[in-house]
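Quick notes on the structure that follows.
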Amino acid sequence: MQFGQGLWFAGGDVQQSPDFFHEGDLVSVLTTQPLDRTLDYKAPEGGCVPGALVEVPLGPRKVLGVVWGPGKGDFDRSKIRSVIRVLDAAPMREEMRLFLIRAAEYTLTSMPAMLRLATRAPGLGDPPSMRKVYRLGTGKPDRMTDARTRVLAVLEEYGGLAFTQKELAEMAGVTGSVIKGLVKHGAVAEEDTPRDLPFAPLDPERPGKALTEEQKAAADTLRADIRDDGYGTTLLKGVTGSGKTEVYLEAVAETLRTGRQALVLLPEIALTAEFLARVEARFGTRPAEWHSGVTMTERRRIWRMAGQGQVQLVVGARSALYLPFQRLGLIIVDEEHDTSYKQEDGVLYNARDMAVLRASICGAQVVLASATPSLESWANAEAGKYRKLELTSRFGPAVMPEMRAIDMRGEQLAPGRWVLPTLRAAVNSRLQRGEQSLLFLNRRGYAPVTLCRACGEQIGCRHCDARMVEHRFLKRLMCHQCGDTIPIPSECPSCGAEGRLAPVGPGVERMGEEIATLFPDARVSVLSSDLFGSARALKAEIENIAAGGADIIIGTQLVAKGHNFPLLTLVGVIDADLGLQGSDLRAAERTFQLMRQVAGRAGRADKPGTALLQTYQPEHPVIRAILSGNEEEFWKAEAAGREAAAVPPYGRMAGIVLSGTDLQQVFDLGNALAVQDAALRQIGAQVFGPAPAPIARVRGRHRVRLLVKAAKGAPVQAAVARWIAPHKLRGDLRLSVDIDPQSFL
Ligand code: ADP
Ligand code: ZN
């Protein structure tokens, strides 16, 4: 949450309201403007219901709002203005209003910011957008021409269907004026229809795949939950390829049968072509797709249809959680452990937690699917709060890959090389057999560090406390914090020495070079988000790889997620130790999840796979757990460690980041907060810091961090709100609160 001048988060419940407000009644309206309260207005002509989306005057402007309840009446009635109009959209249901209140409380977000999340579709206030369509009319044209005959033939062929002018002109091979001519004589009828058309119905009765015993048992349990019609959360755990998707699609089918709507949340939403095709195969038509790449018109359509119950299934990114579903019955959170579910700027929330919150309010089921659940979900399942369903084996002949470590201390490498002889031999044998290898390195660019061999300077970002990463493909150095780039210099910016700058360490681009030298005849594909101009180009390359268009794939964590490469039988992890460095609470968990997930890419079809991990510490407990595949053991050990330290999920945390251009000011505020901690002490919470954040400067702003630790069950949010409230943010100071921080940036 970002605090501006005022802090406001709504407590309590949805206000008691009459069923209807008559014209002139006082109503309180929550707007999307950054105010610390609702505003009173008079209900407009025709009245309005609680939850109505309205346009209200605010100073000289018209702004969007929701009728939140009866007016407070603590304002001179003669000065109160009227609601301008009620928008032609489904009113916000009480359940949704309660969800926004609870979500605001949980994440310490202001209500206007919550409302903005819930109305993120353009043109909600516009009158329903119409377009002209054409169908067969009853009149007779004055004379027939070839062109006119063709138009009428098309319309006759398609019976009652209506077309846009463009479609009809194209199909008949005529210009628009031919159609207009026919309209004039009534031979073609012109009609207005709303642009926001309902989505084509999905057919849950189409046969799904024949499920295995284990899959069927899981699907039956989920189906029964859905028929019971109430809240519940299930952790669906199963190795990659075990059929989790097949199973949860059955839960979706059951939801559709009961006439309710379903939402599937996926990470990395740009990459779902394969998923959409699977939904289409199962239900006969595509679901609605909600993410940042979707056009504004389509967003508006989905938003409206969700509210009218005219879209049955939405597949989307985390913000789809705030769509105004009319009868939401099921939320699937696929790859529930994925870090992209945690929004890291603006409103800080974890979509997984918000999915559970929303479902518990509207009486829906949640399915959290993962091969490597988050420790939070694992602990909730252990504690009996979530049901746990497990799929233990891969579908069909596919088996989990054999996993081994390559001890980097035991093999020789030339400087500037990263592929050990053992891994090289393994890749070679795949090449011989016509199979694919994936080399995984979670580092974009060419080299993470550019070092001056004359003075020892490492080139850093001008605005951030971060090193510039060489991107040779772009011919630039780039800061991964703020995105600033500079041309690759030829002389050292510090000592001026010419030609002494050298790349240090590997990035995927550099791996590409090494692999091209080692295997000059192999077709190599480097998969990193920044090497593709568009999500579409990236998608195309992924499809090309899946079809066998590459022998060796080099990729960042982008490749860890959900792609199916049937020919892939070897995964080589270049630096398995990378994620274990740093002080992050979740470093071990992350590494474990990522390595298991990447390894799961190997051997999905009929050929068994192998995963080789290059590591300097094969005896490290996390590496050992990854290799042994003994997941329960890993989670138990990890849980015990966190419990002993009283950190999440066995204790509560809130991260506070203060930032500003003046370092002294930032620290002064941090110190003031640290000293005036009475509100925190009241709930037995402790505050640590202020300390420079791990990335102490971003975009020219200094960053200082405080960490609040409290016991499990302590009312952290309310205490933090009380703690912060007295402090005014002067100048360009900013304060953001992250409840349950995922990482300590
Ligand atoms: P997960 O979601 O656990 O990674 P998927 O549901 O994607 O697993 O299944 C992996 C592959 O196996 C997919 O291609 C899927 O269609 C196939 N599959 C899984 N279960 C079955 C089944 N019962 N019958 C036919 N194909 C199946
Ligand atoms: Zn920077």
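Whatever order the structure lists ligands and atoms in, that order sets their numbers, starting from 1.
Under a 4.0 Å N-O distance rule, the pair Arg257/Glu254 qualifies as a salt bridge. Between Arg301 and Glu298, at least one side-chain nitrogen of the basic residue sits less than 4.0 Å from a carboxylate oxygen of the acidic one, meeting the salt-bridge criterion.
Near Gly243, meaning under 4.0 Å from any of its heavy atoms, are these atoms of ligand 1: 1 (P), 3 (O), 5 (P), 6 (O), 8 (O), 9 (O), 19 (C). Atom numbering of ligand 1 starts at 1 in the shown order; those under 4.0 Å from a heavy atom of Ala210 are 22 (C), 23 (N), 24 (N). Which parts of ligand 1 touch Leu211 is read off a 4.0 Å heavy-atom cut-off, strictly below it: atoms 23 (N).
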Criterion ring pair (Phe, Tyr, Trp, His ring centres under 6.0 Å) on Tyr106 and Tyr349, from CA distance to verdict: CA-CA 9 Å; Tyr106 191 84; Tyr349 66 92; over 10 Å; no
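The residue Ala369 has no part lying near ligand 1, judged by heavy-atom distances below 4.0 Å. At a heavy-atom distance under 4.0 Å, only side-chain atoms of Lys209, from C-beta outward, approach ligand 1. When heavy-atom distances to ligand 1 are checked against a 4.0 Å cut-off, Val239 comes that close only through its backbone atoms N, CA, C and O.
For the pair Arg624 and Phe634, the cation-pi test (distance below 6.0 Å, angle within 45°) is failed.
Between Lys244 and ligand 1, a contact under 3.5 Å exists for at least one N or O pair.
Using a 4.5 Å heavy-atom cutoff, the side chains of Arg510 and Trp418 are in contact.
Within the 4.0 Å heavy-atom shell around ligand 1 one does not find Gly238.
Crowding of Arg404 atom CZ: a count of heavy atoms from other residues, nucleotides or ligands under 6.0 Å not exceeding 12.
For the side-chain contact (heavy atoms from CB on, under 4.5 Å) with Leu266, the lone residue among Asp338, Val333, Asp334 that qualifies is Asp334.
Closest to atom 13 (C) of ligand 1 by heavy atom, among Arg278, Lys237, Lys216, is Arg278.
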